[in-house]
Amino acid sequence: MSLSSAAEAPSFDLARGWTLSPEVALRPEKFGALAYHYGNRRLVFLKSPELVALVEALGSFDSVSEALQANLAPERHASYAQALARLADSEVLVAR
Amino acid sequence: MPADLSLRDRFKLGLDAPICLTWELTYACNLACIHCLSSSGRRDPRELSTAEAKRIIDEMVEMQIFYVNIGGGEPMVRTDFFELLDYASSQNVGVKFSTNGTRITAENAKYLAGLGYLDIQISIDGADRATNDAVRGEGSFDAALQAMEYLQDANFGEFKISVVVTRQNAGQLDDFRALADRFGAQLRLTRLRPSGRGVDTWDQLHPTAQQQRDLYGWLVGHPDTLTGDSFFHLNALGDPIDGLNLCGAGRVVCLIDPIGDVYACPFVIHDEFLAGNVRAPGGFANVWRTSELFQELREPTSAGACASCGSYDACQGGCMAAKFFTGLPLDGPDPECVLGHGEAALKAQPVQLVRRPSGDHSKPIPVVLAAR
Ligand code: SF4
Ligand code: SF4
């Protein structure tokens, strides 16, 4: 298996809507979740339950910023936006 | 967010379902490789039926085990092999199967190319006929290459060429790479462990200390090489190789053998690491979640003799199977410890305690290392 070592994706646009890829299945685990992409067959680890909740909610917001606002305290927005960018890079998230 | 290290620590406590599940479909094999980790050869009469095998796939769906590594023996000798592939595919369970290639034909290659969620690994153990056939038997190199050609002709796409690194082939890594490139394949290198028939051949086959250092350098220089996470004991040499870098036995890794026995890892087919059987009530999920052995393996472990080593965090003391079958304490250095502590420990053993694998399905023919 390969751990996701995707580089940061500066093109990840917080003003856009993103959602969990229909090709990805999430398996809840105590640390967060495993995300398996049936297309590229990569396994990615979501390393906190908050990130899992955010990813699951993402699709119902028009933009990432709104999703962050609704789900997390402001001081955590930057690090979670980064985590989402990496997930977008490994195709766990797709643009809506 | 928690750093990688803490993720690794959580993996050590075990997951709700394995990440890396190996399922050996049969002990039957038409080859007799001298390092076979499962001592395969003869079919076991207690082998799981087609219905039982499908039930295992159903359980994978229920447990959200997204993909399974199928092996053997030679899995393709099972008469229901394609039926099981179809079934897994229809349930969205991804399959990666390892084969010696002898049963791949021009026809079934086309069929395989048409299946979704399928990876194929063709095993070779030398980049030339002589080196390979000394380990895998006469004719096995040509058969494997023939299979690769069939897959290429059928436009299967990127299959994998899987190599166990040995003293004899450690100098051929670039040649393996070239071979993979020729077929548009991915190269996968894994570690030789003294498991199965490897108990008897490990001494002659395992890479030297210098070869291990060279291997580490080569892997760092070729990060797109797959390793199945098997070389983390080399991490004591420098920056870690990409992977989970822990012994996942019973925590994120396990084996279902052809008769439904569940072992902590494919490399420890021994009563001491037998957790239960999928035929018992509750099936595989129950074994994974409640077996006493797996509970124990998920307890924090002591670093033992490795505790004073500055590299312990990187190397984790290496592979449990390698220690077990060479008679070393499980909480000490790996027999191939890159700092030489394993070799010293082996030499210091008053008698070499070599443990035998529990089930031996070898065919009754002598297994010898052909002269080179
Ligand atoms: S002494 Fe133990 S921890 Fe240190 S390098 Fe050797 S096996 Fe790894
Ligand atoms: S026993 Fe060895 S091969 Fe098995 S999971 Fe642990 S490190 Fe890997």
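The structure presented is a predicted model; accordingly, all values stated were derived computationally and were not measured. Chain letters run A, B, ... following the sequence lines, proteins first and then strands; every chain starts at 1.
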How far apart are the closest heavy atoms of A:P28 and B:Q64, and which atoms are they?
-> CD-OE1, 3.6 Å
Between A:K30 and B:R10 the two heavy atoms that sit nearest each other are O-NH1, 4.4 Å
Would you please classify the geometry between the B:F66 ring and the A:Y36 ring as parallel, tilted or perpendicular, with 30° and 60° separating the classes?
-> parallel
Are B:F11 and A:F45 side-chain neighbours, meaning at least one heavy-atom pair lies under 4.5 Å?
-> yes
Using a strict cut-off of less than 4.0 Å between a Lys/Arg side-chain nitrogen and an Asp/Glu carboxylate oxygen, indicate whether B:D16 and A:R27 qualify as a salt bridge.
-> no
Is B:E292 atom CD crowded by more than 12 heavy atoms from other residues, nucleotides or ligands, each under 6.0 Å away?
-> no
Check: A:Y38 side chain, B:Y117 main-chain N or O, donor-acceptor pair, under 3.5 Å | no
Would you give the length of the straight line joining atom CG of B:L13 to atom CD of A:E29, rounded to the nearest 0.5 angstrom?
-> 11.5 Å
What pair of heavy atoms forms the shortest contact from B:Y67 to A:L43, and how long is it?
-> OH-CD2, 3.6 Å
